[in-house]
Amino acid sequence: MFTHIVIGSNDIETSKKFYDRTFEALDVPPSEINAKGRLVYADRTGRLIVTKPINGQPATAANGGTIGLHARSEDAVRKWHAAGVANGGTTCEDPPGIRHHESGDLFLAYLRDPTGNKLCAMYRVPPA
């Protein structure tokens, strides 16, 4: 459904450190800062672009917004969360763990990036 998501950052270098490390846990390659001063993280499902706002105003996080990221295992979710906390992110919501949902069990972890954007890494637990 989505081709890309763009989020703002007030400090691209700090965002690079955070996103390079968290995406490494999800097997997404690191990004270089491109000619427009942006970070672009991509895999077969889409792109996440991190940029200073084009209008020159400070970047702010969406209130009520969450960006969900696919993880291949519970261990990948744990590594993603640990990498985020170690690289300027802050944990939010409940600790990483199982959430029971009507569509099946999910293993989730939530973080806020250094700008305050809310992220969730999710692994769908196979039925027993």
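Thr91 and His81 share a donor-acceptor pair across their side chains, judged by distance under 3.5 Å alone. Counting only N and O atoms by type, the side chains of Asp20 and Tyr41 include a donor and acceptor under 3.5 Å apart. Side-chain N/O atoms of Thr115 and Asn117 include no donor and acceptor closer than 3.5 Å.
A salt bridge is absent between Glu24 and Lys79: the closest approach of a Lys/Arg side-chain nitrogen to an acidic carboxylate oxygen does not fall below 4.0 angstrom.
Counting only heavy atoms from C-beta outward, the side chains of Ser103 and Arg124 approach each other to under 4.5 Å. Phe18 places a side-chain heavy atom less than 4.5 Å from the side chain of Leu119. Using a 4.5 Å cut-off on side-chain heavy atoms (C-beta onward), Thr90 and Leu111 make no contact. At a threshold of 4.5 Å between non-hydrogen side-chain atoms, the residues Asp105 and Arg99 do not count as touching. Proximity of Glu74 to Val125: side-chain heavy atoms (C-beta onward) are separated by under 4.5 Å at one or more points. Proximity of Leu48 to Tyr19: side-chain heavy atoms (C-beta onward) are separated by under 4.5 Å at one or more points. Side-chain contact check for His4 versus Val40: every heavy-atom pair is 4.5 Å or farther apart. For the pair Lys52/Ser9, no side-chain contact is recorded, criterion being any heavy-atom separation below 4.5 Å from C-beta on.
A side chain to side chain contact (heavy atoms under 4.5 Å, CB included) with Thr14 is found for one member of Ile12, Asp11, Asn10 and no other, namely Asp11. Of the residues Asn34, Ile49, Ile33, the one that meets the side chain to side chain contact (heavy atoms under 4.5 Å, CB included) test with Leu39 is Ile33.
In terms of heavy-atom proximity, Ala42 sits nearest to Pro29 at O-CD, 4.0 Å. What you find for Ala71 and Ala76 is that their closest heavy atoms are CB-CB, 4.2 Å.
Heavy atoms from other residues, nucleotides or ligands lying under 6.0 Å from CD of Glu93 number more than 12. Residue-environment remark: CG (Asn55) exceeds the threshold of 12 foreign heavy atoms within 6.0 Å.
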*Given Thr22 and Asn87, is the side-chain contact (heavy atoms from CB on, under 4.5 Å) satisfied, shown in steps?*
CA-CA 8 Å; Thr22 58; Asn87 288 280; 6.0 Å; no
*Verdict with reasoning, Ile98 to Tyr123, per side-chain contact (heavy atoms from CB on, under 4.5 Å)*: CA-CA 9 Å; Ile98 294 280; Tyr123 170 69; over 6 Å; no
*Given Asp27 and Arg72, is the salt bridge (Lys or Arg N to Asp or Glu O under 4.0 Å) satisfied, shown in steps?*
CA-CA 9 Å; Asp27 297 323; Arg72 294 183 184 156; 3.2 Å; yes
*Go through Asp94 and Tyr110 one step at a time and tell me if the side-chain contact (heavy atoms from CB on, under 4.5 Å) criterion holds.*
CA-CA 8 Å; Asp94 293 328; Tyr110 289 89; over 6 Å; no
*What do the steps show when you test Asp43 against Thr45 for side-chain hydrogen bond (donor to acceptor under 3.5 Å, both in side chains), and what is the final call?*
CA-CA 6 Å; Asp43 72 1; Thr45 62; 2.7 Å; yes
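With rounding to the nearest 0.5 angstrom, the OG1 atom of Thr66 is 4.0 Å from the NZ atom of Lys118. Between Cys120 atom SG and Leu69 atom CG the span is 7.5 Å, to the nearest 0.5 Å. In this structure, the separation between CH2 on Trp80 and CZ on Arg21 is 16.0 Å, given to the nearest 0.5 Å. The distance from atom CZ of Arg38 to atom OG of Ser15, rounded to the nearest 0.5 Å, is 14.0 Å.
Val6 and Ile67 are assigned to two separate hydrophobic clusters, defined by single-linkage of ILVMFWY side chains at heavy-atom distances under 4.5 Å. Residue Val85 is not grouped with residue Met122 when hydrophobic side chains (ILVMFWY) are merged at heavy-atom distances under 4.5 angstrom, including chains of intermediate members.
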